[in-house]
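A short write-up of the structure that comes next.
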There are 2 protein chains.
Amino acid sequence: MSPYDPSAFPPFAVTVDLVVLTVRHHALCALSVRRGEPPFQGRWALPGGFVRADEDLSQAAARELAEETGLRAQSGAHLEQLATYGDPQRDPRMRVVSVAHLVLAPDLPAPRAGGDARSARWAPVGTLLGEDGPDHPGDAPPLAFDHARILADGVERARSKIEYSSLATAFCPPEFTVGELRRVYEAVWGVALDPRNFHRKVTGTVGFLVPTGGTTTRQGGRPAQLFRAGGATLLNPPMLRPEV
Amino acid sequence: MSPYDPSAFPPFAVTVDLVVLTVRHHALCALSVRRGEPPFQGRWALPGGFVRADEDLSQAAARELAEETGLRAQSGAHLEQLATYGDPQRDPRMRVVSVAHLVLAPDLPAPRAGGDARSARWAPVGTLLGEDGPDHPGDAPPLAFDHARILADGVERARSKIEYSSLATAFCPPEFTVGELRRVYEAVWGVALDPRNFHRKVTGTVGFLVPTGGTTTRQGGRPAQLFRAGGATLLNPPMLRPEV
DNA sequence: CTGATTATCGTCAAGCAGACGACTAAGATC
DNA sequence: GATCTTAGTCGTCTGCTTGACGATAATCAG
């Protein structure tokens, strides 16, 4: 077949799916919606939808995000393309290629259902991925389509990306304390970090944090300085994730 | 619009494009093909083609790779998905979404032209991207479509990935010396590395290199030990890329 | 006031990286 | 064959970063 022959190409549907992650109650959570129609009716899935004829992929992702959560991409949240999934059998009805996007957002109010989703919820990623955890015995029904794989890829991307970038601040409100940022790392990585070494590391990395001058005691204990995210996007040297 | 409504979706063509990188003559080079038909007739472009109705995206990429270069993905070369490009205007004829893939390969014999490509060649990435270099004044015509952007993204992915993975060995023949591996890093990063510190680093990282017992003098000078790539894929701590 | 909690500063030792000296073993040249 | 050139390999030293952890500070609950 001749490349780029516009008269002979197989028909594809192109969608965007969203892995929307946040940290709530010290746990990494993902947004999922309940499917209102077959296939996989009643099962949980990632939010998403068709790319329209005149919009770019990132525009489609931002539009779906706004429709499902009311979240604007520029309001502190981070949106990036994750990967594309195109197994011929991934949708039983037709050939669908899905361009998955990853969104990192601060803790949000309860999600609002939109489109054909009968409801939407935040759930810990361990529950959605069917891992046995302290909360859930491993009996949760798996996500629809290949969404468990997509979610797992998104979680892994988030886990590795906060190592060498300042993206962990995307999980925080506009102003936050060093302790709050540390609890983000602990929730995403599922480990405990030494508060003293963490404090030394983040305050010693130029461009990572900018003090706002204010303090807060919302976590209890001694008042903590408030910071905003600095201009730096790459952390060098990176934040080291403890083994195991 | 209802997500996943199979009766109403805009028509898309889905293609794979390939960023095939290798190191030749101490320079990072990419494979490009000359377009034999409009649009951009006669201009250089990345190899690629339509995804067939029954094949997965990675299968399509491996097939195109074999068609354009005769290279089998399992023969030491590395293939991974890079990113997806779907600007509505990126192809003047119709809506085309392209799933770009990145291939890292050892230095290959001259590429063979296939499909509608009148010819294919290896070219230094600086030349293809229109950067002024010692070889070329910046008068090279830019790549067709948005392929310059795709190539730049692929080069950046390769540059960062050899930092924290053992992927640089994908640029080497099955057996190679520490010096040859160092010249790969130097070509990809465009820097000079200290041979003594590099040797200490790579031979001291467990699982990176496995000695084969043989030696070679193909680079001149004292005979060097031959190695194969070890089982490790992640480098911890990473190879540090010198500043600027 | 006392204890609990969280934030922040400091100290010390181990590990790693960059700079670089020294030596080895081959081919090339005289 | 002596010497030069080239590349590979082994060591040393110094400074920086990290991990472990002691000590102090500032708030709230009782």
Side-chain angles (χ1 to χ4, degrees), chain A residues 26 162-164 172 175-187 189 191-228 232 234-244, chain B residues 25-26 162-164 172-173 175-187 189 191-228 232 234-244:
Chain A
H26 291 201
I162 65 173
E163 285 188 56
Y164 58 89
C172 295
E175 296 199 352
F176 54 88
T177 69
V178 172
E180 289 164 349
L181 183 63
R182 175 169 50 82
R183 280 179 278 275
V184 164
Y185 275 92
E186 292 178 333
W189 285 345
V191 298
L193 299 175
D194 185 290
R196 298 157 291 188
N197 293 336
F198 184 87
H199 188 278
R200 175 183 61 189
K201 173 71 176 174
V202 297
T203 57
T205 300
V206 294
F208 193 3
L209 300 181
V210 177
T212 66
T215 61
T216 183
T217 63
R218 62 184 169 223
Q219 299 292 337
R222 170 176 166 180
Q225 277 188 81
L226 285 169
F227 295 87
R228 280 183 293 103
L234 255 52
L235 262 43
N236 207 316
M239 182 83 59
L240 292 184
R241 169 157 42 160
E243 318 274 326
V244 183
Chain B
H25 315 308
H26 292 202
I162 64 173
E163 285 189 57
Y164 58 88
C172 295
E175 296 200 350
F176 54 88
T177 69
V178 172
E180 288 165 350
L181 183 62
R182 175 170 50 82
R183 278 180 281 275
V184 164
Y185 275 91
E186 291 178 334
W189 285 345
V191 298
L193 300 175
D194 185 291
R196 297 157 291 189
N197 292 336
F198 184 87
H199 188 277
R200 175 181 62 190
K201 173 71 177 174
V202 297
T203 57
T205 300
V206 294
F208 194 2
L209 299 182
V210 176
T212 66
T215 61
T216 183
T217 62
R218 60 184 170 224
Q219 298 293 335
R222 170 177 165 179
Q225 279 188 80
L226 285 170
F227 294 88
R228 280 183 293 103
L234 255 54
L235 261 43
N236 206 313
M239 182 83 58
L240 293 183
R241 168 157 44 162
E243 318 273 326
V244 184

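Values in this document were obtained by computation on a predicted structure and should not be read as measured data. First the proteins, then the strands, lettered A, B, ... as listed; each starts at 1.
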Quick one, [X] and [Y] - any side-chain contact, counting heavy atoms below 4.5 Å?
X: Leu209(B); Y: Val178(B); result: yes
X: Met239(B); Y: Phe198(B); result: yes
X: Leu181(A); Y: Phe208(A); result: yes

What is the distance from [atom1] of [X] to [atom2] of [N], rounded to the nearest Å?
X: Glu186(B); N: dA7(D); atom1: CD; atom2: P; value: 11 Å
X: Arg218(B); N: dG8(D); atom1: CZ; atom2: P; value: 11 Å
X: Arg241(A); N: dT18(D); atom1: CZ; atom2: C1'; value: 17 Å

Hey, what are the protein-to-nucleotides 24-29 of chain D N/O distances that come in under 3.5 Å?
{"from": "dA25(D)", "atom 1": "O4'", "to": "Arg222(A)", "atom 2": "NH1", "distance (Å)": "3.4"}
{"from": "dA25(D)", "atom 1": "N3", "to": "Arg222(A)", "atom 2": "NH1", "distance (Å)": "3.4"}

Subject >> Ile162(A) to Tyr185(A) - nearest heavy-atom pair and separation >> reply: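 Of all heavy-atom pairs spanning Ile162(A) and Tyr185(A), the closest is O-OH, 3.0 Å.
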**OP:** Heavy atoms only: give me the nearest Ala232(A)-Val206(A) pair and the separation to one decimal.
**Re:**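 Shortest heavy-atom separation between Ala232(A) and Val206(A) comes out as CB-O, 4.0 Å.
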**OP:** Tell me, please, which residues at least two apart from Glu180(B) pass side chain to side chain contact (heavy atoms under 4.5 Å, CB included).
**Re:**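 Expected list: Phe176(B), Thr177(B), Arg183(B), Arg218(B), Gln219(B).
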**OP:** Just jot down the side chain to side chain contact (heavy atoms under 4.5 Å, CB included) partners of Thr217(A), sequence neighbours excluded, or say none.
**Re:**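 Partners of Thr217(A) by the side chain to side chain contact (heavy atoms under 4.5 Å, CB included) criterion, ordered by chain and then number, come out as Pro223(A).
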Original post:
To the nearest 0.5 Å, how far apart are CG in Leu226(B) and OG1 in Thr212(B)?
Top reply: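 Reported value, rounded in 0.5 Å steps: 4.5 Å.
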Original post:
Where along residues 196-210 of chain A does a heavy atom fall under 4.0 Å from DNA chain D?
Top reply: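 Arg196(A), Asn197(A), Arg200(A), Lys201(A), in order of number.
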Original post:
Sub-3.5 Å donor-acceptor pair from the side chain of Glu186(A) to the main-chain atoms of His26(A), do we have one?
Top reply: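 Such a contact is absent between Glu186(A) side chain and His26(A) backbone.
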**OP:** Using the heavy-atom set of chain A and a strict 4.0 Å cut-off, write down the first and last nucleotide of DNA chain C that makes it in, 5' to 3'.
**Re:**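 For DNA chain C, the relevant span reads dT5(C) to dT11(C).
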Original post:
So which pairs with a foot in residues 191-209 of chain A pass salt bridge (charged side-chain N to carboxylate O under 4.0 Å, His left out), sequence neighbours left out?
Top reply: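 Found Asp194(A)-Arg196(A).
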